[in-house]
Amino acid sequence: MESTPSDTQRLAAADSGFNFLTPEAWKALLSRYSHIVLVANSEAVDFERLRSELPVTTLYVFFNNVYKVLDEPFTGHAVLVARSGVMGANIVHRREVADVLRFFAGDDFLGVVNIRVSPEENFSEESRFNGTGARHLDLTQMIGDLYPTGKIATSGFAMALWLADLQLPGKILLAGFSAKRSEKWKVFDVHDWTFEQIFLRLFARMGTISMMGGVDASPYAALAKRFPQVPPVEIAMTAAEVLSERLHNANSQIDRLMSVTKSIRAVENFFRRFKPKTRKERFLEKSKE
């Protein structure tokens with residue numbers, strides 16, 4: 001694992017089990033790369049395009065269950081972001097550390113960055129990552145006043161925002177951030193995907209980041225070219241009007257489906273009561289005692 005030139009700039013003692021770097025130390029560590037690519041766990045990721053278009057000085061940032069996008073060990077500069085939950089890093093309490101870290105090896109691997117985005121989430125000690133060096137990053141304060149209430153930010157969104165705030169010399173690229181459900185992998189309703197896509201696309205149009213694989217260009221750009229005499233705000237309002245009507249129609253159909261499936265859901269809820277509690281549910285009950 002690569003060493004940090006400013007590893008002495010820590011906010012916590014090494015024997016605490018948590019390694020928090022100062023913003024200056026993070027910037028020193030990441031400024032050596034010409035590009036930093038955040039790789040979403042999505043089928044929209046095009047690795048052939050990434051590796052062919054980007055130089056060897058690129059750092060690839062992977063998230064949690066990397067077997068969703070990797071079929072073999074990764075060669076190149078890489079770092080693994082491990083998201084925390086209430087029981088610690090998710091890959092730790094789910095006993096997936098070995099399954100995930102087998103994709104990384106060698107001096108080009110920066111190790112693990114254990115992040116938390118919500119106050120309810122807890123870090124895992126460095127020793128829990130099977131001997132792989134780990135650093136810890138608390139993004140709760142950065143996200144707290146920004147993200148919609150009642151939802152939790154995705155790891156990719158939080159890292160993109162944090163990297164942009166660091167103002168690194170290298171370019172930040174998002175690969176596969178489509179926010180689309182696929183046949184293989186699902187998206188979770190605990191995140192506000194609409195808010196994140198709006199935020200990230202505004203970032204991209206400002207030039208702060210770039211997006212590859214899903215949203216390279218606005219589908220409405222052609223409208224502005226076809227109707228140059230129409231102000232952009234009028235185009236936006238017209239698009240919002242059409243989308244609002246389509247959403248209303250979709251909601252009407254959803255209401256009908258909810259009515260038709262009422263009896264099915266009642267049966268499902270009845271049998272759910274007999275389902276054994278998960279380790280997480282048992283942990284939360286025990287923590288309340």
Side-chain angles (χ1 to χ4, degrees), residues 1-39 54-64 76-84 88-89 92 101 104 106-119 121-129 131-147 153-175 177 196 199-200 202-204 206-211:
M1 186 186 80
E2 296 185 19
S3 61
T4 307
S6 304
D7 262 345
T8 55
Q9 296 175 273
R10 293 186 174 184
L11 302 179
D15 58 5
S16 69
F18 303 118
N19 298 333
F20 296 95
L21 302 186
T22 64
E24 293 76 18
W26 280 116
K27 192 167 185 177
L29 173 64
L30 300 175
S31 292
R32 68 180 75 171
Y33 303 104
S34 61
H35 299 74
I36 298 179
V37 182
L38 278 63
V39 183
L54 299 175
V56 295
T57 51
T58 298
L59 174 68
Y60 293 85
V61 182
F62 294 93
F63 297 89
N64 303 302
H77 300 287
V79 65
L80 174 68
V81 173
R83 176 65 175 269
S84 281
V92 170
L101 291 181
F104 306 104
D107 296 335
D108 290 335
F109 181 45
L110 269 182
V112 176
V113 179
N114 183 196
I115 70 168
R116 74 169 193 157
V117 176
S118 171
E121 298 170 350
N122 297 295
F123 292 116
S124 289
E125 295 82 359
E126 183 177 12
S127 60
R128 302 296 302 278
F129 295 97
T132 300
R135 301 177 179 91
H136 296 80
L137 183 60
D138 192 339
L139 302 179
T140 55
Q141 187 173 5
M142 180 193 72
I143 294 294
D145 296 332
L146 171 68
Y147 211 77
T154 64
S155 302
F157 174 81
M159 287 297 294
L161 181 58
W162 176 71
L163 287 170
D165 285 349
L166 278 183
Q167 298 183 339
L168 299 169
K171 295 182 179 179
I172 302 171
L173 294 88
L174 308 186
F177 279 61
E196 292 193 6
F199 199 106
L200 293 176
L202 287 174
F203 253 6
M206 290 170 54
T208 307
I209 62 174
S210 297
M211 302 183 74

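- With contacts defined as side-chain heavy-atom distances shorter than 4.5 Å, the pair Arg135/Trp26 qualifies.
- Between Val79 and Gly111, the closest heavy-atom pair is CG2-O, 3.3 Å.
- Residues Val92 and Phe129 are in side-chain contact: their nearest non-hydrogen atoms beyond the backbone lie under 4.5 Å apart.
- With rounding to the nearest 0.5 Å, the separation of CG in Leu54 from CG in Leu173 is 6.0 Å.
- The main-chain N or O of Gly88 is never found under 3.5 Å from a side-chain atom of Asn122 such that the two would form a donor-acceptor pair.
- Using the six-membered ring where Trp is involved, His136 and Phe123 have ring planes that are perpendicular, over 60° apart on the 30 and 60° scheme.
- Closest of all the heavy-atom pairs between Gly76 and Asp108 is O-CB, 3.4 Å.
- Closest heavy-atom contact between Ala153 and Val117: CB-CG1, 3.7 Å.
- The minimum heavy-atom distance between Thr57 and Ser34, with the atom names listed, is OG1-OG, 2.5 Å.
- Rounding to the nearest 0.5 Å gives a distance of 5.0 Å between CG of Leu200 and CD1 of Ile209.
- Taking each heavy atom of Leu38 and Gly156 in turn, the nearest pair found is CD2-O, 3.6 Å.
- Met159 places a side-chain heavy atom less than 4.5 Å from the side chain of Leu139.
- For the atom pair CZ (Arg116) and OG (Ser84), the distance works out to 8.5 Å, reported to the nearest 0.5 Å.
- A search for side chain to side chain contact (heavy atoms under 4.5 Å, CB included) contacts involving Pro169 returns Ser31, not counting sequence neighbours.
- Rounding to the nearest 0.5 Å gives a distance of 7.5 Å between CD1 of Ile172 and CG of Leu166.
- Between Leu101 and Val112, the closest side-chain pair of non-hydrogen atoms falls below 4.5 Å.
- The backbone N or O of Thr154 sits less than 3.5 Å from a side-chain atom of Glu196, completing a donor-acceptor pair.
- Ile36 and Tyr33 get closest at one heavy-atom pair: CG1-CB, 4.4 Å.
- Applying the 6.0 Å contact sphere to CZ of Arg83 captures more than 12 heavy atoms from other residues, nucleotides or ligands.
- Ser118 places no side-chain N or O within 3.5 Å of a backbone atom of Glu121 that could act as its donor or acceptor partner.
- Side-chain contact between Phe199 and Leu146 is present, with at least one heavy-atom pair separated by less than 4.5 Å.
- Between Phe18 and Phe20, the ring-plane angle classifies as tilted under the 30° and 60° cut-offs.
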Next on the checklist: Using side chain to side chain contact (heavy atoms under 4.5 Å, CB included), reason through Leu163 and Leu30 one step at a time and then give a plain yes or no.
Outcome noted: CA-CA 9 Å; Leu163 287 170; Leu30 300 175; 3.7 Å; yes
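- Phe109 contributes atom CZ, which lies 10.0 Å from atom CZ of Phe62 (distance to the nearest 0.5 angstrom).
- At a threshold of 4.5 Å between non-hydrogen side-chain atoms, the residues Leu29 and Leu110 count as touching.
- Looking at heavy atoms from C-beta onward, Thr58 lies out of side-chain contact with His77 at the 4.5 angstrom threshold.
- The CG atom of Asp138 lies 10.0 Å from the CD1 atom of Ile115; values are rounded to the nearest 0.5 Å.
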